[in-house]
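FYI, side chains are in, hydrogens and waters are out, and symmetry mates aren't considered; it's all heavy atoms of this structure.
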Amino acid sequence: MSFWRNCSGLRRHQQGAPGRFLSASIGCLIVVLSWSAAAQQKDSTRPETPEAAPIEVPAASETPAPVAIDELSESRSGIQAEIRTLQEALTQRQQALENTRERLAFAETWRKRLQSEYEGLQRRLATAGLDLTREYANLLRRRLDRLERQHLADNLTETIKGQLEAARMEQFRLEEFDALLQPSEATGNALAQRRTELLTKLGAAVTAHLEALNNYFASVNATQELIINYQSLLRQRLFWLPSTDPVHLQSFPELVSALAWLFDPGRGRDLAKGAQAAVRSHPALSVFLALLLAGLAASRTRTRRALDAAGQSIGNVARDRIRHTFAGLGYSIILALTGTVALMLLALLVSPAGDFGAELSTGFRNAAFLFFLLSMVFQVARPGGLGERHFKWRAATLDAIRRGMPRLLIVMVPAAILTPLTEAAIEESFRDSLGRVVFAVASIALALFSHRVLKPGLAPDASGKVPLTSRLIYLAVVATPLILMGFSLYGYHYTAVQLEGTLFITACWVGVVALFYYLALRALSVRERRLTLERLREQRAAEREMAAVREAADASGEGLPATLDMPEMDLQDISHQSKTLLRILAAALTVVGLWMLWANVFPAFRFLDEITLWTVAPLADGGQPLAVTLEDLLLSLLLGTATVMAARNLPGMLEVAVLSRMELAPGTGYAITTLATYVIVIIGVVMTFGALGAQWSKLQWLVAALGVGLGFGLQEIVANFVSGIIILFERPIRVGDTVTVGGKTGTVARIRIRATTLIDWDRKEQIVPNKTFVTQDLTNWTLSDAITRVIVRVGVAYGSDIDTVHDLLSDVAMANSRVVRDPPPAVFCVALADSSINFEMRVFVKSMLDIMPLSHELHAAITHTLRDAGIQIPFPQRDIHIKTDA
């Protein structure tokens, strides 16, 4: 009932809660995939042939329990109890030692037999070359099947590690007991002597058990490595050998027999009984999948409406958010899960119906995985879906996918269901007849679908010609399934199946990478549009402020820089760098995935690691020289290229993804991107040279010497560089600030990593090293507050009324619009001078550019006001006394 309530709540609130749909879709997907993994694990543990696991996992009883003694006793009864405990522990340890030695002997015997078999096959294959018959290839295939069944238990090594850890702990405890024993106390005491002897024997048994376990662990690891190499050798040779005869007239009767076997009326009864058994054995899971299927089917209409609604705000800068795209992805997953859950339910129901049911269950699981992938492609391409509204893909391609995908599903889902039945070792002729027919039909369907999807890309360009790249891609994608079909019909069915399966997984991997690429590209585009809007608003505000400043500068007669070099990136550079870095990451993920997938199909790719270019001397005497191969050289070139590309394009990605979301000043963001670029370059250089065999222990003295040389030879440059970083982070000055340093006053126009540019009032550019701002006294007139005090001095004649003068000057200050009210202006009588009574008018202005206009306005107003009030501003008076000699 809770499930239905949740589904009802989702339907009611689907328009306002996209996160719930996304959570539900992810939850459903996790449940289905978790059950699939559990089912596959359960199927893998079904009873197999007697050689399924030659080396069994040691039972828990083979690990002796720790000795049940916390501390040694001194009483007679306590020592007797300890002797019994030690005797029992010694018996268990000796039995465990014997079991481990038997397992070790068996593992060594089996490993030597496999080693001999492996080396003999290597010699025979080297002699025969590629001239092998189909019968010999079938023998190799059966041997590969046997090796795949003879896998080691998954938890074997972990169990041995657990036994080793328990034995080490026991050895440590016994050493502590031995250290507490006093030899003088055991003299003449038979019980104490017996306890000492048992402790000694138990310690020796534990030591021997540790040695046996270490040997057993090494033998198991060597066996596992041998099995992997053996399987790799067989796959490498089988891949290019025919697995059957070419299609001939006898293949048609075999096809009829295979179809008769497949549609045997008794299959229905067996599957019905298996379904009943599955419901009885897994009632909760069966009911859950059935209810989940019903809920998904009932909510499809509302989910499609929600998917359409998620794209309504796309393109609207004010309302567009990346969460709409993730919500659309969640709705697409929900729509794709309906058929997936149905196929998983069928896989559960048919699994108990014998060997046929087990293989059919595997087919249904494979079909569920295939259906989910193809259905996701269809949902992304649906009208109003992610491809059309969110990613802006080509309309013709989306239309071709929408029309071709249902037809492809009709063919590929049954093919995925039948493939395990035809490939199973039930009847080899079924694989050669029905299996090849199924493979051929699936290949033709893939070729037709590829033709429909890629055909719109063959449209002529402006010159009337179809681009050569488009034609090559079209021919390769369409022809590959048909060529593989020809291989299968000619007898290379195993090769064709392996290649097409790997190609399908490759296409899935490329599709997943492309989906994440477009999701990231969509997130960047949304952020870039919002960042553009914010920048436009900030730019308009800055232009209005700059206009006011320029007006004040013109009135004051001071020069201002035409432009200030704000340390922020251009939006076009940000967009270009972000997209470039995304393409690099997507290409790197694609290449890594392709290499991992195809390295197993083409072991010949590994020849790059066998071509040694040079060797590096070992660090220690007697060590092995380090070989630098062609693969290492290619890896170093790849790392170097990645470092250069990342260093060039990282600032744009950081600006969009991180820095634009933080409340940072432009200088701080510039410092972060600069230091991040330095770190990337340093790490990339170290990794690049490391891949070429350069060892840090050999280079550290050279680096230290270079550091000392740079410190002495370029100390001023280094000091300015470090000071530039300090300025960018500590920010004692900013672009646009008015500063005074070293007797120079001007506006900060540019902050660079070595020097800062000041533009003084005469419009001259002063290049000041960054070290000056860090080591010398600095006055920043506008760091935290641009308000500045101005003092105007006035002298009046003796005999003037001081109170009247004070009131007049105060009125003049309050009447001027440039004078700020907080702090308020003040007038003081400061001195009785020789010729006048001196007053000071102290006022504050908003900007330094107001100082000269305000000074002019105040002096003019004071002169007029005092003259109108009849108050005289005296001239300086001097008395001259002339003495003459009589």
Find the distance between CZ (F364) and CZ (F371) and round it off to the nearest 0.5 Å. 13.0 Å
The reported gap from CZ in F439 to CG in L489 (rounded to nearest 0.5 angstrom) is 9.0 Å
Can you find a heavy atom in the side chain of T340 that is under 4.5 Å from one in the side chain of S375? no
Minimal non-hydrogen separation, A367 against V413, with atom names: CB-O, 3.9 Å
With a 4.5 Å limit on heavy-atom distance, are the side chains of L409 and F449 in contact? no
More than 12 heavy atoms from other groups under 6.0 Å of CD on E225: no
From L446, L499, T495, residue fulfilling side chain to side chain contact (heavy atoms under 4.5 Å, CB included) relative to L484: L499
Considering only heavy atoms from C-beta outward, does the side chain of L156 approach that of Y216 to under 4.5 Å? yes
Find out whether T223 and V220 are in side-chain contact, i.e. whether some heavy atom of one side chain is under 4.5 Å from a heavy atom of the other. no
Is there side-chain contact between H493 and V497, with heavy atoms separated by less than 4.5 Å? yes
Do other residues, nucleotides or ligands put more than 12 heavy atoms under 6.0 Å from the OH atom of Y230? yes
Candidate pair S361 and R365, rule side-chain hydrogen bond (donor to acceptor under 3.5 Å, both in side chains), full reasoning: CA-CA 6 Å; S361 177; R365 288 199 300 271; 3.1 Å; yes
May I ask you to decide whether E108 forms a salt bridge with R111, counting only side-chain N to carboxylate O separations under 4.0 Å? yes
